[in-house]
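Worksheet for the structure shown next.
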Amino acid sequence: MRGRKKAFALLLTGLLWLYGCGSPSLDSDVMADIEEESGFDIGEELVYEQSIELQYAENFKIDYYEGGYTLLTITMDGTQFLIIPENGEVPQTLDKKIVVLRRPIKDIYLVASSAMDIFSELNGLDSIAFSGHKEDGWFIEAAREEMHKGNILYAGKYSKPDYELLLSNHCALAIENMMISHSPEVVENLENFGIPVMIDYSSYESHPLGRAEWVKFYGALLGKEKEAERIFTDQAAILERVSASERTDKTVAFFFITSNGMVQVRQSSDYVPKMIELAGGSYIFQNLGEPETKRSTMNMQVEEFYAGAKDADFLIYNSSIDGGVSSVEELLDKCELLVDFKAVENGNVWCTTNDMYQQSLAIGYFIEDIHAMMQGENDEMHYLYHLD
């Protein structure tokens with residue numbers, strides 16, 4: 001009975017909002033249901049308006065309330081952030097576990113490198129005051145320029161932040177990636193100093209465009225929802241265009257040669273194999289790894305890689321760690337066994353550009369590049385280049 005009541009009330013609320021009848025005040029039962037889903041008491045003063053419907057992302061939620069209040073929920077860890085409009089009041093009955101942020105959002109310590117591209121595309125770099133990477137560590141030109149001008153300061157990497165710098169310059173929010181799980185004491189220290197911590201779980205999204213859809217999360221954080229929707233729509237359009245083409249079923253191996261002679265490959269459940277599939281191909285390792293571990297990569301002996309990938313139609317070398325290679329000869333210097341690979345013999349060896357992994361909004365373009373590679377349309381690439 002309670003489930004039917006909840007469903008009917010939410011449906012009625014949605015219909016009233018849709019047809020422009022104003023934002024109804026929710027009754028206590030429905031508000032209780034929303035609070036039950038969020039896990040926290042969002043306050044009696046807040047009147048729910050609507051939620052953003054996501055297409056691919058699964059690890060965050062965006063809810064809007066009357067008066068310009070926005071509730072961001074990271075579903076992976078349950079943390080919630082209530083964005084208070086400028087000059088707005090903090091609800092007195094708000095659960096203490098909900099982090100309060102007031103617009104305009106400024107003085108961010110950005111450690112999650114995948115988010116810098118999003119802030120740049122949203123014209124939101126003025127919200128970032130501190131970086132977890134040095135100037136020469138960024139491939140995003142706008143970020144390098146802001147650090148060169150002194151508008152963004154290096155405040156230490158994720159495991160060793162410069163607490164004194166952050167505190168003396170009034171850091172308001174730290175945005176971390178999953179690496180912070182290796183240094184939980186940093187989170188504790190930041191929070192003890194009054195700096196809230198937000199963890200970016202975009203790398204845990206199961207669909208490649210789920211990563212790109214995090215632009216909506218940051219768009220809501222900065223109050224730039226329209227810009228975020230436009231950016232994501234462009235990425236989705238690329239996928240739709242590529243997916244409409246006929247599948248090739250050509251096989252692709254995506255790999256990296258480590259310093260100790262091992263071969264690092266992607267687990268089959270990772271987003272890179274899924275991008276290969278979306279581009280019309282097949283990842284050469286179909287059942288590799290354990291999806292439940294959430295790890296994206298694994299290492300294997302060269303002999304094992306040879307046995308599994310020798311007949312792959314295409315090889316893509318991952319440049320993210322060692323900066324890549326400029327020729328097939330340079331690649332063979334790293335691993336002589338590759339000379340017998342089908343892709344090497346046929347001249348189908350490629351390498352990713354250095355900046356791809358900091359370009360979180362490159363997902364659509366990278367899928368398009370893989371598709372073009374398999375189709376033999378190699379004239380205009382964004383994040384792949386051919387090795388001669």
Side-chain angles (χ1 to χ4, degrees), residues 3 6-7 9-11 13-14 17-18 23-24 26 29-85 88 90-91 93-103 105 108 112 114-115 118-119 122 124 173 175-178 196-229 231-233 235-236 271 294 360:
K6 172 185 175 182
L10 290 177
L11 175 62
T13 299
W17 176 83
L18 179 64
S23 301
L26 300 184
D29 284 346
V30 178
M31 182 62 77
D33 285 328
I34 294 175
E35 291 170 355
E36 183 178 346
E37 288 185 0
S38 70
F40 298 140
D41 182 358
I42 55 179
E44 295 176 357
E45 302 102 310
L46 295 180
V47 178
Y48 173 80
E49 286 187 331
Q50 61 171 317
S51 300
I52 293 296
E53 184 176 349
L54 302 174
Q55 291 180 247
Y56 300 99
E58 301 173 339
N59 295 327
F60 69 88
K61 291 172 57 182
I62 304 171
D63 300 305
Y64 292 101
Y65 294 81
E66 281 187 1
Y69 291 81
T70 303
L71 182 68
L72 301 178
T73 302
I74 299 178
T75 55
M76 287 294 293
D77 59 19
T79 56
Q80 293 188 295
F81 302 83
L82 183 65
I83 314 299
I84 307 294
V90 178
T93 57
L94 189 70
D95 193 298
K96 293 181 179 180
K97 292 181 180 179
I98 297 179
V99 179
V100 173
L101 301 174
R102 186 179 294 277
R103 296 198 190 282
I105 308 297
I108 294 174
S114 63
I118 293 177
F119 275 86
L122 288 172
L173 175 67
I175 301 179
E176 305 276 353
N177 58 26
M178 282 306 298
V197 176
M198 176 185 290
I199 299 179
D200 183 311
Y201 286 92
S202 60
S203 63
Y204 275 25
E205 295 294 346
S206 59
H207 193 285
L209 279 190
R211 293 183 167 218
E213 199 163 15
W214 274 72
V215 69
K216 296 180 181 179
F217 178 89
Y218 290 109
L221 176 69
L222 300 179
K224 296 176 178 286
E225 287 89 345
K226 290 183 179 180
E227 296 94 326
E229 184 63 37
I231 292 169
F232 179 74
T233 298
Q235 291 291 303
Y271 79 106
K294 296 291 186 180
S360 57

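FYI, the numbering just counts along the sequence from 1.
Side-chain atoms of Glu229 do not come within 3.5 Å of backbone N or O of Lys216 as any donor-acceptor pair. With hydrogens and angles ignored, the 3.5 Å screen pairs a side-chain donor or acceptor of Thr75 with a backbone N or O of Glu58. Remark: side-chain polar atoms of Arg103 are not paired, donor with acceptor, to backbone N or O of Pro85 under 3.5 angstrom. No donor-acceptor pair closer than 3.5 Å links the side chain of Glu45 to the backbone N or O of Pro91.
One distance of note links CZ of Phe81 with CD1 of Ile105; it measures 10.5 Å at 0.5 Å rounding. Here the straight-line distance linking atom OG1 of Thr73 with atom CD1 of Ile62 works out to 9.5 Å at 0.5 Å rounding. Rounded to the nearest 0.5 angstrom, Glu213 CD and Asn59 CG are separated by 11.0 Å. The structure places CD1 of Ile74 at 13.0 Å from OH of Tyr204, a figure rounded to the nearest 0.5 Å. Atom CG of Asp200 and atom CD1 of Ile118 lie 7.0 Å apart (nearest 0.5 Å). One finds the CG atom of Leu54 at 10.0 Å from the CH2 atom of Trp214 (value rounded to the nearest 0.5 Å).
Listed here is the closest heavy atom pair of Gly124 and Leu222: CA-CD1, 4.1 Å. Annotation for Ser360 and Ser114: closest pair OG-O, 2.7 Å, computed over non-hydrogen atoms. Smallest separation of non-hydrogen atoms from Ala220 and Thr70: CB-CG2, 4.3 Å. Looking at every heavy atom in both residues, Leu122 comes nearest to Glu227 through CD2-CB, 3.9 Å.
Remark: of the listed residues Leu94, Val99, Asp95, Asp63, Leu94 is the sole one forming a side chain to side chain contact (heavy atoms under 4.5 Å, CB included) with Leu82. Partner of Tyr64 under the side chain to side chain donor-acceptor pair (under 3.5 Å) criterion, chosen from Gln50, Glu225, Glu49: Glu225.
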Step by step, would you call Val197 with Thr79 a side chain to side chain contact (heavy atoms under 4.5 Å, CB included)?
CA-CA 9 Å; Val197 176; Thr79 56; over 6 Å; no
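Using bins of under 30°, 30° to 60° and over 60° for the plane-to-plane angle, the ring pair Tyr218/Phe119 lands in the tilted bin.
Contact check for Val90 versus Arg102: side-chain heavy atoms found under the 4.5 Å cut-off. By the 4.5 Å heavy-atom criterion applied to side chains, Phe232 and Tyr56 are counted as neighbours. With contacts defined as side-chain heavy-atom distances shorter than 4.5 Å, the pair Ile84/Tyr69 qualifies. Considering only heavy atoms from C-beta on, Ser203 stays 4.5 Å or farther from Asn177 through its side chain.
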